[in-house]
Amino acid sequence: MKVILIDDDSLVTLSLKTILEAEKIEVVALGIDGSDALPLYKKYHPDIILMDIRMKNKNGIEATKDIIEYDKNAKILLLTTFQDDEYIIEALKLGVKGYLLKQDYNSLIPALKSIMANQSVFVADIMHKLPHLVKSNSLNNEDNDLSAKELEVIECIAQGLNNKEIAQELFLSEGTIRNYISSILTKLELRDRTQIAIYYYTKLN
């Protein structure tokens with residue numbers, strides 16, 4: 001696994017580098033500002049970028065946008081604090097693979113492994129307060145051609161249910177649920193079920 005670390009606090013980057021290298025994870029580059037992110041990504045093509053949100057010149061959200069525009073499949077894990085609420089919705093819309101609390105070093109390695117397995121990783125407290133970070137939690141079905149059943153699946157995903165739980169809730173098979181989710185992702189041009197949940201809460205079209 002190749003990782004780039006970007007944080008304007010050198011103590012943080014050195015600490016993270018030590019933790020990763022102890023687990024045989026290759027840290028291919030270090031950056032000190034969001035403006036370093038895209039050039040380093042282009043040069044090293046890492047598996048994951050681990051990046052702070054709050055930086056002096058260019059923040060992690062702006063840097064994420066640059067990288068996703070260059071490579072929509074880029075895997076980005078953001079370092080956050082509980083004071084970063086204003087960035088959460090925007091970052092999820094962009095398609096970050098997760099949030100990790102800076103002080104939660106024990107979760108770092110499992111989070112990176114999950115992202116490598118194409119899973120999303122978000123602090124539970126962030127997902128719990130997500131509905132309160134947006135202005136509306138009503139679903140808008142204009143111009144997206146979603147069926148009534150697909151809307152039900154979206155609502156279940158927003159409630160945090162997994163495929164098995166959704167199947168039980170809607171009296172359908174797990175295979176049918178997977179098909180509905182695939183259709184929803186295609187119709188809404190979203191990347192994963194986390195973005196489906198964001199769609200529900202922000203009425204994305």
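This chain uses plain numbering: 1 for the first residue, then up along the sequence.
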Determine the minimum heavy-atom distance between L161 and R193, stating which atoms define it.
-> O-NH2, 3.0 Å
Do the side chains of R54 and N59 get nearer than 4.5 Å, heavy atoms only?
-> no
Quick one: does K2's side chain have a donor or acceptor within less than 3.5 Å of a partner on V27's backbone?
-> no
For salt bridge (charged side-chain N to carboxylate O under 4.0 Å, His left out), just list the numbers for K42 and D71, CA-CA rounded to whole Å, side-chain angles, deciding distance to a tenth of an Å, and then say yes or no.
-> CA-CA 9 Å; K42 288 181 176 179; D71 180 4; over 6 Å; no
How about I32: does its CD1 atom have over 12 heavy atoms from other parts shown lying under 6.0 Å from it?
-> no
Indicate the atoms forming the closest heavy-atom contact of G34 with A63, along with that distance.
-> O-CB, 3.4 Å
Return the minimal non-hydrogen interatomic distance between E150 and D145, and the atom names on each side.
-> OE1-O, 4.1 Å
S114 and V121: which non-hydrogen atoms are nearest, and at how many Å?
-> CB-CG2, 3.6 Å
Kindly determine whether D192 and K97 satisfy salt bridge (charged side-chain N to carboxylate O under 4.0 Å, His left out), including the steps that lead there.
-> CA-CA 9 Å; D192 53 38; K97 299 303 291 184; 3.7 Å; yes
Where the side chain of S182 meets the backbone of R178, is there a donor-acceptor pair that is under 3.5 Å apart?
-> no
Per the side-chain contact (heavy atoms from CB on, under 4.5 Å) rule, which among L79, L78, I115 passes with L100?
-> L79
d(L30 CG, I4 CD1) to nearest 0.5 Å is 9.5 Å
Hey, is NZ on K75 packed in by over 12 heavy atoms from elsewhere, all under 6.0 Å?
-> yes
Please list every donor-acceptor pair under 3.5 Å in which a side-chain atom of residues 165-173 meets a protein atom from a residue at least two apart or in another chain.
unit_1	atom_1	unit_2	atom_2	d
E165	OE1	N162	N	2.9
S173	OG	T176	N	3.1
S173	OG	T176	OG1	2.9

Taking the six-membered ring of Y180, is the NZ or CZ of K149 close enough (under 6.0 Å from the centre) and on axis enough (within 45°)?
-> no
Checking D8 side chain against D33 main chain: does a donor-acceptor pair fall under 3.5 Å?
-> no
Ion pair check, D66 and K58, cut-off under 4.0 Å = yes
Is a side-chain donor or acceptor of T18 paired with a backbone partner of L14 at a separation under 3.5 angstrom?
-> yes
